[in-house]
Amino acid sequence: MAPSLRSTRGRQPPPGALLAAQAPQRSNALPADDWTGRRVTIMGLGRHGGGLAAARYLARLGARVTISDAADGDTLKESIEQLRDVPIAELKLGGHDEADFRTAEFVVVNPAVRREHRCLQVACQSGARLTSEIELFLRACPARVIGVTGSNGKSTTCSMLAAMFTADGRRAWLGGNIGKSLLGELSQIAANDWVVLELSSFQLAHLSDQAPLPQIAVVTNFTPNHLDWHGHLDDYRRAKRRIVREQSPSGVVVLNPHDAQVAEWSSPASGQTRAAWPLEAIPILAVPGVHNRHNAACAAAAAETAGVGKMAINSALRNFRGLDHRLQFVAEVAGRRFYNDSKSTTPQATIAALAALDGPLWLLSGGHPKDAHFEELARAVVQRARGAGLFGQARESLQTCLQAQRAGFNALATEQLADALDWCWRQSQSGDVILLSPACASYDQFRDFEARGETYCRCVAALR
């Protein structure tokens, strides 16, 4: 039957009431394939496909699915519309009701939900098992999996890997945090295919203790990120290291030797560890930046481990043109070159972007800071840029750090990205580069980094 739209107001836990140490214990006791009649609560339908895919997958396997989301129907309108042909038992929006977690046998947790959420505590105290969309896929996937994680460069590395398999005449599936759930594609995935999954720290943190892990794991780098969600750098590190620490003896871990932290992440409990390709072995890339050469080196080592030939690897890298919102060339207007690097949501990613481009440069940065520190970024900005237009929630913090590095540095703090761009446009001259590389998350003002990048591109187009 079609879902009945019923909005409820849920009770939210008091801030800080639960400690991370009290996070619920997780079990791997999930059905292999028979979900008939099982009571499942999906916590977080979301707008990015994971909750939607899990709902469709489990409902069509016979589970009695309840969807619970704190957002309202207007916010989730597009996702709800895609459930019209799915037999959802209940759809509850506008808040979480603890009863839906107390009576569940299984709870599928959206990666954005913090592990100490009160409703997850209630579920576990009532005997429910916690899982996630990624774990459901890993348990059911018939193909071999390459999992890619790291603080920066995951999407580019995954895309390079997929291109290498294609160049070698082999079929690969690209999914995970890069934006697409593969649960709906399971019937088409064959045992001799390869799956390339981008795995965020949130997705890794929510895997149960006995979840299957990728046969090949890739770690691109490690720098502080998402501390507003993890609470502490050690927790963020533990989440990332799961893909290495819990590798089976037959697994292979590819580590970036140019990242001081990641280079030491191998352990006796892991399977085989191998380094990324040496940078001198990487062909000339169309995408700028030494960080992209590091991504290519990691992808090449993983592809070679999976049996892809060197000719195919090199061909894929030579033809790789990059991804939207990642040092994407937008246009040249009145002699100024505009680049969209909206995906750079950490200070370290923006530092890499500053180093990747030639010529006099004006930087656009700002957004939600995620509890990041900007001192290192500020040093790079005053050395590399002529000026900076700062916007969003982090604008004043960024400006303070820039002024601490160089009093009188040419910077404007304003609320809107469009106003910051207009200021850089008027300050710049022919031959300059204007770079959007925010160093922050987007969700103080935009739906996601893509919406932020698209806004920037529209503003650049308007300058013409």
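Only this structure's heavy atoms are used, side chains among them; waters, hydrogens and symmetry mates stay out.
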Closest heavy-atom pair, T350 versus A439, reported as atoms and distance to 0.1 Å, is OG1-N, 3.1 Å
What closest approach, in Å, do H291 and L327 show between heavy atoms, and which atom pair accounts for it?
-> CE1-CD1, 3.7 Å
Are any of the side-chain heavy atoms of F374 and C440 separated by less than 4.5 Å?
-> yes
Between R171 and the options T166, D193, I189, the side-chain contact (heavy atoms from CB on, under 4.5 Å) test singles out D193
Mind telling me whether F222 and W265 have parallel, tilted or perpendicular rings, with 30° and 60° as the class edges?
-> tilted
Audit row: T305, R274, side-chain hydrogen bond (donor to acceptor under 3.5 Å, both in side chains) steps and yes/no | CA-CA 9 Å; T305 301; R274 66 169 295 175; 3.0 Å; yes
First locate atom CD1 of I351, then atom OG of S344, and finally report the distance between them rounded to the nearest 0.5 Å.
-> 10.5 Å
Answer yes or no: are there more than 12 heavy-atom neighbours, outside D358 itself, under 6.0 Å from its atom CG?
-> no
Determine, stepwise, if the pair R386 / D432 fulfils salt bridge (charged side-chain N to carboxylate O under 4.0 Å, His left out).
-> CA-CA 9 Å; R386 286 185 168 181; D432 289 355; 3.3 Å; yes
side-chain hydrogen bond (donor to acceptor under 3.5 Å, both in side chains) between N225 and K370, intermediate numbers included | CA-CA 7 Å; N225 198 3; K370 299 185 292 184; 2.6 Å; yes
Do L435 and D341 come close enough that some side-chain heavy atom pair is under 4.5 Å?
-> yes
Any side-chain heavy atom of T220 sitting closer than 4.5 Å to one from T157?
-> yes
Show your reasoning for whether salt bridge (charged side-chain N to carboxylate O under 4.0 Å, His left out) applies to R115 and D235.
-> CA-CA 12 Å; R115 292 165 296 169; D235 186 72; 2.8 Å; yes
Atom pair CZ (R139) and CD1 (I134), whose distance is rounded to the nearest 0.5 Å = 13.0 Å
Can you tell me how far the CG atom of L197 sits from the CG atom of L182, to the nearest 0.5 Å?
-> 6.0 Å
Which atom of D168 lies closest to which atom of V308, heavy atoms considered | OD2-CA, 3.5 Å
Donor-acceptor contact present, side-chain Q403 to main-chain G408, <3.5 Å = yes
Rounded to the nearest 0.5 Å, the CD atom of Q121 sits from the NE2 atom of H117 at a distance of 10.5 Å
How about Q82: does its CD atom have over 12 heavy atoms from other parts shown lying under 6.0 Å from it?
-> yes
Hey, does V287 have a side-chain heavy atom less than 4.5 Å from the side chain of R321?
-> no
Determine whether the side chains of N292 and N295 contain a donor N or O and an acceptor N or O closer than 3.5 Å.
-> yes
Kindly assign one of parallel, tilted or perpendicular to the pair W423 and W362, based on the angle between their ring planes and the thresholds 30° and 60°.
-> perpendicular
Using the side-chain hydrogen bond (donor to acceptor under 3.5 Å, both in side chains) rule, take Q427 and N410 through it: C-alpha gap first, then chi angles, then the decisive distance, then the call.
-> CA-CA 10 Å; Q427 296 283 316; N410 195 13; 3.2 Å; yes
Would you mind checking if D234 and R238 are paired as a salt bridge, meaning a charged N to carboxylate O distance below 4.0 Å?
-> no
Within 45 degrees of the axis of the six-membered ring of W425 and under 6.0 Å from its centre: does R336 put its NZ or CZ there?
-> yes
If every non-hydrogen atom of M164 is compared with every non-hydrogen atom of A303, which pair is closest and at what distance?
-> SD-CB, 3.6 Å
Between atom CG of D69 and atom CG of L45, what is the distance when rounded to the nearest 0.5 Å?
-> 6.0 Å
State, to 0.1 Å, how close S442 and R452 come at their nearest heavy-atom pair, and which atoms those are.
-> CA-NH1, 3.4 Å
With K180, which of E133, E185, E198 fulfils salt bridge (Lys or Arg N to Asp or Glu O under 4.0 Å)?
-> E185
Rounded to the nearest 0.5 Å, what's the gap from NZ on K77 to OG on S79? Could you check?
-> 12.5 Å
For H226 and S201, what are the C-alpha separation, side-chain angles and deciding distance, and is it a side-chain hydrogen bond (donor to acceptor under 3.5 Å, both in side chains)?
-> CA-CA 9 Å; H226 299 301; S201 62; 4.9 Å; no
T131 vs S208 side-chain heavy atoms within contact, under 4.5 Å | no
Aromatic ring centroids of W229 and Y236 under 6.0 Å?
-> no
